[in-house]
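Here's the structure we're looking at; comments come further down.
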Amino acid sequence: MKELVEVIAKALVDNPDEVVVTEKTEGKTITVELHVAPSDMGKVIGKQGRIAKAIRAVVKAASVGDNKKVNVEII
């Protein structure tokens, strides 16, 4: 999941070198934290959070086969 979020985020931002993705596993829950430059925050969130919702939907669809819950947090 970490790699998927990283590829999507780097395609969206102006400063792909500043994209940092970390992954934490707690039982059946995986938390993916996405850190971007402050100037790129709007590009990752999108108007009314549409891009953030789309990223979460793609990650959720990709995790169906793993039988785990994945949360994406944009920090």
Side-chain angles (χ1 to χ4, degrees):
M1 295 303 129
K2 176 182 174 181
E3 295 82 14
L4 177 62
V5 173
E6 189 171 354
V7 168
I8 293 170
K10 284 186 176 183
L12 292 171
V13 298
D14 290 332
N15 302 316
D17 298 335
E18 295 188 36
V19 173
V20 178
V21 180
T22 57
E23 189 174 86
K24 298 177 185 176
T25 304
E26 298 174 8
K28 288 191 172 190
T29 303
I30 300 172
T31 303
V32 180
E33 294 180 350
L34 173 61
H35 300 266
V36 296
S39 60
D40 291 328
M41 190 65 72
K43 291 180 178 80
V44 174
I45 295 172
K47 288 186 180 179
Q48 297 179 353
R50 288 186 184 146
I51 295 175
K53 287 178 189 176
I55 292 171
R56 290 183 178 113
V58 169
V59 171
K60 184 177 179 181
S63 69
V64 169
D66 296 341
N67 198 19
K68 293 189 177 186
K69 182 179 180 186
V70 180
N71 294 326
V72 178
E73 295 181 3
I74 300 169
I75 300 174

Could you give the distance from [atom1] ([X]) to [atom2] ([Y]), rounded to the nearest 0.5 Å?
X     : Y     : atom1 : atom2 : result
His35 : Glu73 : NE2   : CD    : 9.0 Å
Thr22 : Glu33 : OG1   : CD    : 4.0 Å
Arg56 : Lys60 : CZ    : NZ    : 12.0 Å
Asp66 : Lys28 : CG    : NZ    : 11.5 Å

Completion exercise
Note: with side-chain heavy atoms under 4.5 Å as the link, the other cluster members for Val64 come out as none
Problem - Connected-component partners of Ile51 among ILVMFWY, side-chain separation under 4.5 Å - result: Met1, Leu4, Val5, Ile8, Leu12, Val13, Val19, Val21, Ile30, Val32, Leu34, Val36, Met41, Val44, Ile45, Ile55, Val58, Val59, Val70, Val72, Ile74
Exercise for the section: Sequence neighbours left out, what passes salt bridge (charged side-chain N to carboxylate O under 4.0 Å, His left out) with Asp14? Give chain and number order. Expected result: Lys43
Practice task
Measure from the side-chain N and O atoms of Asp40 to the backbone N and O of Asn15, and report whether any donor-acceptor pair falls under 3.5 Å.
Solution key: yes
